[in-house]
Amino acid sequence: MVSVMSLWLPILASAVIVFVASSIIHMLLPYHRSDFKKVPNEDEVMATLRNAGITPGQYMIPCPSNMKEMGSPEFVEKSTKGPVAFMMVGKSGPPNMGKSLALWFVYCIVVGIFAAYIASRAIEPGAHYLSVFRFVGATAFIGYTLAFWQDTIWLNASVTSTLKSTFDGLVYGLLTAGTFGWLWPS
């Protein structure tokens, strides 16, 4: 068995490699540019939301108070008339990319820690590259992708966007697996 602490180098190295790869994917490659649609009459919709006093958080429109209300004719009519929306509202002000990038890097480290833990329980020191690659790759892929599918199932997130993010997660998982295979202790 390998100690998770002895895997600090592949954990950090894979986080850096995934961070750089994700930056390239999102800044240079065009395929995520269509993930979000612009709301028609954006200024009017923003003014309406601002006047409604919406604070940062997650919202659902229409939103029933309880399960019984979901079956009421009024709720069914609102849902049928639409629009049905799931919104995430952030703080007002310019985007804080520094904070988001820092949190993304921490997330990459956390995925690496879980991949390290699972692989360290299953693989001995000096294991063959492909054995390490298989365990770490599967774990990292799960960590980078599966939660997107919940949003597609429950929140009507675009299947196309989810497939693109799943592809990104496959790339991140492969990079993580390759890094661990390369730096696995002998």
Side-chain angles (χ1 to χ4, degrees), residues 11 14-115 139-173 175-176:
I11 291 169
S14 66
V16 169
I17 290 168
V18 168
F19 185 87
V20 170
S22 70
S23 297
I24 291 168
I25 286 171
H26 288 277
M27 290 191 300
L28 299 179
L29 301 179
Y31 67 95
H32 278 291
R33 292 187 186 139
S34 62
D35 285 354
F36 291 92
K37 296 178 183 177
K38 187 173 177 122
V39 174
N41 305 315
E42 182 179 87
D43 293 337
E44 184 180 324
V45 171
M46 288 178 71
T48 300
L49 293 173
R50 195 170 27 257
N51 291 336
I54 290 185
T55 58
Q58 296 182 87
Y59 296 89
M60 178 176 150
I61 301 172
C63 186
S65 300
N66 55 52
M67 293 298 287
K68 184 178 177 185
E69 188 182 330
M70 281 186 81
S72 73
E74 297 82 15
F75 183 81
V76 171
E77 181 182 345
K78 280 183 180 182
S79 296
T80 303
K81 187 176 179 182
V84 173
F86 300 93
M87 298 187 306
M88 290 176 282
V89 177
K91 293 179 184 175
S92 298
N96 186 347
M97 288 302 290
K99 178 182 177 186
S100 295
L101 290 171
L103 290 172
W104 169 242
F105 184 71
V106 169
Y107 183 82
C108 293
I109 291 171
V110 170
V111 170
I113 290 169
F114 276 96
T139 305
F141 175 74
I142 289 166
Y144 285 118
T145 62
L146 289 187
F148 291 116
W149 288 96
Q150 293 178 46
D151 288 349
T152 300
I153 293 165
W154 294 104
L155 304 177
N156 298 319
S158 160
V159 172
T160 303
S161 292
T162 299
L163 286 169
K164 290 187 273 185
S165 293
T166 299
F167 173 77
D168 296 348
L170 176 62
V171 171
Y172 306 155
L175 290 170
T176 302

Checking salt bridge (charged side-chain N to carboxylate O under 4.0 Å, His left out) for the pair Lys78/Glu74: CA distance, chi angles, key distance, verdict? CA-CA 6 Å; Lys78 280 183 180 182; Glu74 297 82 15; over 6 Å; no

Looking only at atom types and distance, does a side-chain atom of Glu69 sit under 3.5 Å from a main-chain N or O of Ser65, one as donor and one as acceptor? yes

Thr162 and Trp149: side-chain donor and acceptor closer than 3.5 Å? no

Does Glu42 pair with Lys38 as a salt bridge, N-O distance under 4.0 Å? yes

Listed by chain and number, what are the side chain to side chain contact (heavy atoms under 4.5 Å, CB included) partners of Ser14, not counting sequence neighbours? Thr176, Thr179, Phe180

Closest heavy-atom pair, Phe75 versus Pro64, reported as atoms and distance to 0.1 Å, is CE1-CD, 3.4 Å

4.5 Å side-chain heavy-atom contact, Tyr144 and Thr166: no

Go through the structure and list residues passing side chain to side chain contact (heavy atoms under 4.5 Å, CB included) with Asn156, not counting sequence neighbours. Phe86

Using every non-hydrogen atom in the two residues, find where Ala15 and Ile109 come nearest and quote the distance to one decimal. CB-CG1, 3.7 Å

Search all heavy atoms of Ser22 against all heavy atoms of Tyr172 and return the closest pair with its distance. CB-OH, 3.1 Å

Taking side chain to side chain donor-acceptor pair (under 3.5 Å) as the test, write out the residues that go with Ser165, two or more places apart. none

Holding to side chain to side chain donor-acceptor pair (under 3.5 Å), I want the full list of residues that pass it with Ser92, two or more places apart in sequence or in another chain. none

Residues 54-63, side-chain donor-acceptor partners within the protein, below 3.5 Å, at least two apart:
from: Thr55; atom 1: OG1; to: Tyr59; atom 2: OH; distance (Å): 3.3
from: Tyr59; atom 1: OH; to: Thr55; atom 2: N; distance (Å): 3.2
from: Tyr59; atom 1: OH; to: Thr55; atom 2: O; distance (Å): 2.6

Sequence neighbours excluded, which residues qualify as side chain to side chain donor-acceptor pair (under 3.5 Å) partners of Asp35? His32, Ser161, Lys164

Take a 6.0 Å sphere around CZ of Phe114 and say whether it holds more than 12 heavy atoms from other residues, nucleotides or ligands. no

Inter-residue atom distance Met87.CE - Leu155.CG, 0.5 Å rounding: 12.5 Å

Pair Asp168, Tyr31 - check side-chain contact (heavy atoms from CB on, under 4.5 Å), show working. CA-CA 11 Å; Asp168 296 348; Tyr31 67 95; 2.3 Å; yes

